[in-house]
Amino acid sequence: MSKNETEGLVLVLDVGETMSTKINRTTTYLQSCVDIIQMIVQRKMFQSSKDEIGLTVFGCDQTDNELWDGSSDDFRHVSLVRCLSIVDWEMLDYVQNKIVVSNIRGDVLDGILVALNHFADDQNKKKTFKEKRVIVLTDFSSCSNDDFKLKEIGKNLARQSIRLDVISPFSEDDVNKEEKPNSETKSNSDDHHSSKQMTIGQVETLNLLNNLCEQAEGCLFSFDETLSLLSTYQARTIKSSGTKYQMTIGEKFSLPIVSMIKCKESKPEIFRFKKVFAKDENVELKTDRARFTKDDEQRDLNDKTDTVDAFKYGSTYVPIDSDTVSLKLEVEKCFNILGFTKSENVHKHYFSGDSVNQIMPDPSSGPQVEEAFVNMVRAMFEENVFGIVRKVFNSRSSPEMGCLIPYVTKETTCLFYLSLPFDDDLKKITLENFTIMKKFKPSDKQLSLVEDLIDSMDLSRKIDQDEEELYDPHTTFNPYIQRMFQSIALRATNPSDELPSFDEHITNTHLAKIGSRIRNNTTQNILKRIQDEFPLRELVKKAKKNEENIFEKTKIENKEEVELISMNDENLTDILESGLESNKVKKVGTVNPVGDFKILAEKIVSSNSQEAKEEFEQICMQIQEIIKDLFEESLRQANSFNDADLNDMTVFSFQEKSFNCVKIMRQYSLKLNLHSEFNSFLKTFKIYLINESLKIKMAKYVENFWQKFFIDNNLGLINNLECTDSEVSSDAAEKFLTSLNENSNNSAKDIEETKEKEEVEDLLDLM
């Protein structure tokens with residue numbers, strides 16, 4: 001920060017005998033003033049500020065200033081205890097431990113004149129400040145009312161452009177009470193910041209200083225107002241000078257612009273902790289590094305020439321000589337608009353980066369550039385489009401992509417730049433589509449309740465017209481940063497004291513106020529109604545089967561639990577409970593073919609697209625292969641035994657799994673009204689079973705499979721009663737469900753006729 005951008009501040013503190021007056025049982029006027037000065041000094045230290053602060057006290061026992069002639073009463077008992085300089089711990093220590101109340105009454109006008117004279121002396125030393133301020137801390141009990149001194153103060157304030165502020169225990173309300181003693185007012189003894197009524201002399205001094213403040217564009221503050229303003233710490237503020245670019249559109253059009261940071265996450269430098277010796281905090285620890293090889297010799301590599309940078313490629317290290325090989329993309333500084341798109345195409349969750357930049361035309365380029373820039377922004381605003389930009393900060397940085405958002409108000413016309421992610425930055429997360437289940441679709445009453453809850457917790461609403469918004473970023477501070485500042489300040493000044501509670505801090509009370517406003521009776525009533533409309537139930541996890549109970553059924557005593565864990569073929573509860581696993585299913589697998597087929601078929605049902613028939617035929621072909629493979633596996637298992645039982649567990653499990661696949665295929669064929677694919681398959685499958693039954697050893701297994709699963713469950717062809725488009729009558733479907741040895745020739749004939757029809761249809765399609 002350059003010298004002409006710093007602030008000069010001289011504090012004028014009253015330490016006279018009346019400053020020992022108590023505000024409450026423990027705090028005096030002087031103690032409150034010391035707390036305020038401490039906060040001012042600490043804020044400057046935390047900001048790493050180059051501002052300079054001086055301290056003048058009046059009403060003290062000693063006299064140390066350049067205006068006193070050594071004998072007169074003017075400027076007696078006024079001391080300049082701290083010249084204008086950057087704040088340090090010595091000043092903080094002086095304020096905390098060396099300021100005491102005297103038995104003398106000083107003159108506030110003398111203190112102000114000494115402070116103004118100190119500014120003039122510094123100016124003679126070629127010190128220049130961007131702003132100059134004098135802050136007086138007094139209780140208005142000591143003032144000479146000298147007209148000559150008042151005129152000198154007014155001249156000096158105007159000539160040096162110094163602002164004058166006054167901090168006292170009293171507020172404007174106290175002045176009004178003194179001016180209207182007959183009005184009905186509460187006693188000052190109940191007031192937080194004053195313990196007694198103001199005297200006539202105090203009122204006169206207050207009015208006198210108030211006139212000086214108005215001349216110097218200053219203000220009067222009470223202790224309460226000042227403490228609330230200073231109780232929040234601020235990190236160092238850095239003025240953004242802006243980065244200049246040439247904004248180009250195409251090859252021929254370009255505008256000179258300036259990019260300035262509008263919003264960025266605050267990361268105070270004070271939080272960058274340093275390692276120091278515990279017994280002496282002034283001693284900084286230094287890190288020494290040593291390099292050793294991994295071989296048996298354990299050689300010490302002190303010479304940097306023995307090491308090079310390398311990347312790990314698999315298990316191999318690839319050495320890279322950074323001096324001769326550049327792996328970075330060679331780029332040039334640019335700000336190119338690649339094109340424009342509708343605002344709805346740029347979703348808010350695409351915004352990345354840690355800052356927002358404000359784009360303005362370069363002020364040094366003339367009015368023509370500004371006019372062209374403003375017209376472009378207004379056109380973007382009217383068309384509701386964003387600009388997509390390729391930005392490179394300099395030749396050593398990586399290119400980034402961003403969007404330009406038009407912002408048009410009566411006062412400002414500009415663009416806001418926000419970074420956008422590349423495809424590598426996007427995390428592809430697929431969420432379950434709950435809308436496919438009717439039971440998960442919210443009712444109108446549920447939606448209305450949620451809308452009411454959002455309205456009741458809206459932080460931007462105003463109860464009264466004059467009321468400010470409940471949440472204002474300009475007045476809401478980060479509680480984490482404020483707590484850290486508070487703790488570090490206490491540890492620096494009083495290392496042995498316990499850390500104070502953060503509950504009474506203004507930041508925490510402000511957040512608590514926001515919380516109390518939204519936790520009102522209306523919100524609580526809505527939450528109770530939501531709890532009734534959205535009932536919760538506990539899901540019981542299935543018990544893990546071990547080697548002892550692998551073939552046992554889980555015993556469930558509670559009937560409600562049975563409903564929770566039972567599988568219902570009519571919905572997808574079992575699929576939805578499995579989380580996001582359903583999104584990983586791309587085809588029908590052999591591990592859980594029924595579940596996979598359900599997921600894929602439900603997606604086809606919910607999509608309702610024109611390609612639904614082709615997609616369904618594709619998954620039907622997949623599950624048909626699995627049906628055949630499962631049944632063939634059951635025959636192989638049966639063949640491995642010399643004389644296996646028809647109800648053998650292994651054979652039965654494969655046959656049951658195969659039948660369940662046929663069953664789920666039939667269910668969704670009816671649901672999608674695509675009966676021909678299933679009927680054609682089932683006829684072909686029956687012919688296959690007839691051929692297998694001709695084998696003497698396998699005959700009983702095949703006959704048992706058809707009888708037990710298809711005939712007993714009455715699962716046959718889809719007839720015209722179930723689907724009006726089906727060409728199969730109910731009698732034909734019933735006749736189809738006969739023993740495999742009966743009507744086998746008819747079944748084969750039906751298959752041949754079906755194949756011939758399909759061949760004719762294919763030929764017509766080709767023609």
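Excluded from the calculations below are hydrogen atoms, water molecules and symmetry mates; all remaining heavy atoms, backbone and side chain alike, are included. A quick note: this is a predicted structure, and the numbers were derived from the prediction, not measured.
For the pair K22 and Y29, the cation-pi criterion (under 6.0 Å, within 45° of the ring axis) is not fulfilled. No cation-pi contact links K262 to F416, judged by a cut-off of 6.0 Å to the six-membered ring centre and 45° from its axis.
Looking at heavy atoms from C-beta onward, I86 lies out of side-chain contact with D51 at the 4.5 angstrom threshold. In this structure, the side chains of F221 and V166 stay at 4.5 Å or more apart for every pair of heavy atoms. Considering only heavy atoms from C-beta on, I405 stays 4.5 Å or farther from L415 through its side chain. At a threshold of 4.5 Å between non-hydrogen side-chain atoms, the residues D93 and K98 count as touching. Counting only heavy atoms from C-beta outward, the side chains of V258 and T243 never approach each other to under 4.5 Å. Contact of the L84 side chain with the F129 side chain is registered, since non-hydrogen atoms from C-beta on lie closer than 4.5 Å. D107 has its side chain out of reach of D146: every pair of non-hydrogen atoms, C-beta onward, lies at least 4.5 Å apart. Side-chain contact between M91 and I53: present, with at least one pair of heavy atoms (C-beta onward) separated by less than 4.5 Å.
For N211 (side chain) and N207 (main-chain N/O), a donor-acceptor pair under 3.5 Å exists by modelled atom type. Not one N or O on the side chain of Q160 forms a donor-acceptor pair closer than 3.5 Å with the backbone of L157. Side-chain atoms of T27 do not come within 3.5 Å of backbone N or O of I23 as any donor-acceptor pair. Looking only at distances, a side-chain donor or acceptor of N156 sits under 3.5 Å from a matching main-chain atom of E152. Side chain of S142 to backbone of G106: a donor-acceptor contact under 3.5 angstrom is found. Although no hydrogens or angles enter the test, the distance criterion places no donor-acceptor pair under 3.5 Å between the side chain of H77 and the main chain of F58.
Counted within 6.0 Å of CZ on R159, heavy atoms from surrounding residues, nucleotides or ligands total more than 12; the atom is thus considered enclosed. Residue Q246 places its CD atom among more than 12 non-hydrogen atoms of other residues, nucleotides or ligands, all under 6.0 Å distant. The environment of Y94 atom OH is dense: over 12 non-hydrogen atoms of other residues, nucleotides or ligands sit within 6.0 angstrom. Atom CD of E370 has 12 or fewer heavy atoms from other residues, nucleotides or ligands within 6.0 Å.
Once rounded to the nearest 0.5 Å, the distance linking CG of D354 with OG of S419 reads 8.0 Å. To the nearest 0.5 Å, atom CG of residue L164 and atom CG of residue L209 are 7.0 Å apart. Going from atom CD of E411 over to atom OG1 of T413 covers 9.5 Å, rounded to the nearest 0.5 Å. With values rounded to the nearest 0.5 angstrom, T412 atom OG1 is found 6.5 Å from Q358 atom CD. Rounding to the nearest 0.5 Å gives a distance of 9.0 Å between OG of S161 and CD of E217. Atom OG1 of T226 sits about 12.0 Å away from atom CG of D35, to the nearest 0.5 Å.
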* To do: Report the C-alpha separation of N357 and S259 in whole Å, then their side-chain angles, then the decisive distance to 0.1 Å, and conclude whether the side-chain hydrogen bond (donor to acceptor under 3.5 Å, both in side chains) test is met.
  => CA-CA 6 Å; N357 289 54; S259 174; 3.0 Å; yes
* Asked: What's the verdict on side-chain contact (heavy atoms from CB on, under 4.5 Å) for F140 and V203, showing C-alpha distance, side-chain angles and the deciding distance?
  -> CA-CA 8 Å; F140 306 124; V203 175; over 6 Å; no
* Please assess L404 against M247 for the test side-chain contact (heavy atoms from CB on, under 4.5 Å), listing each intermediate value before the final yes or no. => CA-CA 11 Å; L404 292 176; M247 182 175 68; 4.2 Å; yes
* side-chain contact (heavy atoms from CB on, under 4.5 Å) evaluation trace for I167 with V136 -> CA-CA 6 Å; I167 300 174; V136 181; over 6 Å; no
* Check the pair V57 / L11 against side-chain contact (heavy atoms from CB on, under 4.5 Å), numbers first and verdict last. => CA-CA 8 Å; V57 295; L11 301 168; over 6 Å; no
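Legend: side-chain hydrogen bond (donor to acceptor under 3.5 Å, both in side chains) pairs involving residues 55-71, not counting sequence neighbours, sorted by first then second residue: D69-S72.
For the pair S141 and Q202, the tightest heavy-atom approach, listed with the atom from each and the gap, is OG-NE2, 3.0 Å. Considering all non-hydrogen atoms of both residues, P421 and S352 come closest at N-OG, 3.7 Å. The two atoms that bring V101 and L30 nearest to each other are CG2-CD2, 3.1 Å, heavy atoms only.
No salt bridge links K149 with D147; every basic N to acidic carboxylate O contact stays at or beyond 4.0 Å. The pair E7-K44 counts as a salt bridge, with a side-chain nitrogen and a carboxylate oxygen less than 4.0 angstrom apart.
When each of I36, V10, D165 is tested with I135 by the rule side-chain contact (heavy atoms from CB on, under 4.5 Å), just one qualifies, namely D165.
A search for salt bridge (charged side-chain N to carboxylate O under 4.0 Å, His left out) contacts involving K244 returns D362, not counting sequence neighbours. F393 meets the ring-ring contact (aromatic ring centres under 6.0 Å, His included) test with no other residue; sequence neighbours excluded. Residues satisfying the side chain to side chain donor-acceptor pair (under 3.5 Å) criterion with R82, sequence neighbours excluded, are S85, D88. With sequence neighbours excluded, no residue satisfies salt bridge (charged side-chain N to carboxylate O under 4.0 Å, His left out) with K391.
Ring geometry for Y417 versus F335: interplanar angle of 30 to 60°, hence tilted.
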N/O donor-acceptor pairs under 3.5 Å from side chains in residues 12-20, not counting sequence neighbours:
unit_1	atom_1	unit_2	atom_2	d
D14	OD1	G16	N	2.9
D14	OD2	T138	OG1	3.0
E17	OE2	R105	NE	3.4
T18	OG1	D139	OD1	3.4
T18	OG1	D139	OD2	2.9
S20	OG	E17	O	2.8

